[in-house]
Amino acid sequence: MGLTLAEKIIKAHLVSGEMKQGEDIGLRIDQTLTQDATGTMAYLEFEAMGVKRVKTEKSLAYIDHNTLQTGFENADDHRFIQSIAKKHGIYFSKPGNGICHQVHLERFAIPGKTLIGSDSHTPTAGGIGCFAMGAGGLDVAVAMGGGAYHIQMPGVINIKLNGKLRDWVSAKDIILEVLRILSVKGGVSHVIEYSGEGVKSLSVPQRATITNMGAELGATTSIFPSDEITREFLKAQGREADYKELCADDDAVYSRVIEIDLDKVVPLAACPHSPDNIKSIEELSGQKVDQVCIGSCTNSSFTDLMTVASILKGHTVNDNVSLSIAPGSKQVFNMLAQNGALADIIASGARVLECACGPCIGMGQSPNSKGVSLRTFNRNFEGRSGTADGQVYLVSPETAAVSAITGVFTDPRTFGQKSDIKQPESFVINDNLIIPPAAEDEADNIEILRGPNIKPFPKTEKLENTIESNVLLKVGDNITTDHIMPAGAKILPYRSNIPYLSNFCFTVCDKDFPSRCKEYPSGIVVGGLNYGQGSSREHAALVPLYLGIKAVISKSFARIHGANLVNAGILPLVFKNESDYDNISMLDKLVLDDLITSLKNNPTGLLTVKNVTKGTTFEVIPQLSKMQRDIILAGGLLNYTKEQN
Ligand code: MIC
Ligand code: SF4
């Protein structure tokens, strides 16, 4: 029986476990990346592990999220990360160099290697055939220290792309079509592997747009084969030596095969407030638009922005629209400047931003009240734009640029002749914003620069035998990490200050949650399906931990968040019967007895929960592998790692 591409890479990196779907497997990690919003915490954790120098082939620290410096906090954190990177063998990408995923794709990602990053869109590198996963900061810290990364052996879904995209339809429309088919839960516990004739007509950055938004499917990762197109891209980046041909065996077995005919894909939009709420642009056509934002790690490559520039050339942005454009990397920005396309963008009236995440994470450009914002980004969760009632639609760069000119949703196919934009034969290569680490023998002399915003992270205790706590919050399905721990320009600077962040925890759902937690000695959160989808931010676990949350009981968990809860020492429990969810009310007192013995006997054995308030009982299943059980018993991954050494 042949192997899928994902299985081949997993096999080559397997350090523990068996490649049976659902089993815990440990993978050797070749590369890591961090960004600043999760990085500060990840490096504090790395420091606490006491490892002198990273043991990976390459580790990078990017600064791209917290670039709006309205106080000392972000700048201090940047200096902290830069100094710690220099000391411990990590390459540092300065602010201004671009968004981690775009820069990593251009300069560092390698087909066939494993990569984990403290950001959920790390699978962007799957566009080049790299097995790349988003992870919590602590998992990245462990991998930097040479430890394996543990996941459940995923199933593999094959998406076979037939035919060729028609003019004005783009890679973004393909992934929106996949989201329409699979929904935000459809990729959970699976790798999405692309194949078929249609793959040959997609460039590496287009493939990366598709693997990037595999995060929105809940997938473990997404991956494309590495072929002649990959070789050409690497060659154009001066990295042909990194090329390796990779594809699945002809007789590979998949859990499911989905065929998409590219000729039939049309321009699409993900409507508020979920990436799988898909409508065609034709259906939306004519509706008024207030804002258009182009950029983010999904759609900010050279060809994306050249396409945008070619549409804007000779036109003026509509009087009632604010258009902002953030190139994905310094390489892209520089090339647009050199070939004159930037002049066309500026002349059209677009507001050009630095190459960073920017509006995607609510760092500026929040839309007006009830404003309709068309964005080439990957997430449109409620409130994420920074405007609580903002209406964010996710679209392709083509749809975004054309609609910015007309002022209404416009199907780009109605715009006329499309310019033929090709990937250049060679990109402008200048890695002068990547600062290499110090030599090993100089490392001791490097001082770590710590600002006053850095507060110690919450300590975890060994698991107690009984949890007796009140339900301090009950939420519905598809709760995102943006609900649990909102981001945005006002809050993000405090990512290394858990006590301060705790004032905002879950306030999108219930503004009294933080104060309620402070009234009770401990608490339990009750959730629906796909609890914790979205970001890899471990703050969505560390902050509830700080607020005394001992367990989350839900119908199901998103992969990275489930792992982050365990790493923080919070028990993730799944209802045996989903209908029991309905019988729990806010403030009910729940008791779980005999936890240590039960978990020691069987990490996934049923546990009985007594609802003391209602006088009922129900059963839950701990969502734990054997290793995660040991992590929970130790009171979190940091304690566990210390115990092991
Ligand atoms: C996001 O897109 O939500 C982020 C900001 O990049 C996060 C990471 C974070 O919260 O810092 C992610 O996707 O993991
Ligand atoms: Fe940055 Fe947005 Fe990409 Fe997250 S999704 S890494 S915030 S550009």
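Here the structure is a predicted model, which means the values were calculated and not measured. In listed order, ligands and their atoms are each counted from 1.
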Inset, instruction - Establish, yes or no, whether a centroid distance under 6.0 Å links the rings of Phe381 and His483. - result: no
Inset, instruction - Measure from the ring center of Phe427 to the ring center of Phe233 and say whether it is less than 6.0 Å. - result: yes
Inset, instruction - Could you tell me which atoms of ligand 2, counted from 1 in the order shown, lie closer than 4.0 angstrom to a heavy atom of His101? - result: 6 (S)
Legend entry - Atoms in ligand 2 with a heavy atom of Asp119 nearer than 4.0 Å: 6 (S)
Inset, instruction - Show the protein residues that qualify under the rule heavy atom under 4.0 Å from an atom of ligand 1, listing them in chain and number order. - result: Gln35, Ala37, Thr38, His65, Asp119, Ser120, His121, Ile361, Arg379, Arg384, Arg495, Ser535, Ser536, Arg537
Short side-chain donor-acceptor distance under 3.5 Å, [Y] and [X]:
{"X": "Ser300", "Y": "Asp304", "answer": "no"}
{"X": "Asp76", "Y": "Asn453", "answer": "no"}
{"X": "Asn74", "Y": "Gln69", "answer": "no"}
{"X": "Ser222", "Y": "Thr211", "answer": "no"}
{"X": "Thr480", "Y": "Asp482", "answer": "no"}
{"X": "Gln623", "Y": "Gln628", "answer": "no"}
{"X": "His104", "Y": "Gln31", "answer": "yes"}
{"X": "Ser536", "Y": "Ser120", "answer": "no"}

Inset, instruction - Report, as yes or no, whether the 6.0 Å neighbourhood of atom NZ on Lys455 holds more than 12 heavy atoms from other residues, nucleotides or ligands. - result: yes
Inset, instruction - Give every protein N, O or S atom lying under 2.8 Å from atom 2 (Fe) of ligand 2, naming each by residue and atom. - result: Cys360 SG
Legend entry - Gln35, portion touching ligand 2 at heavy-atom distance under 4.0 Å: neither
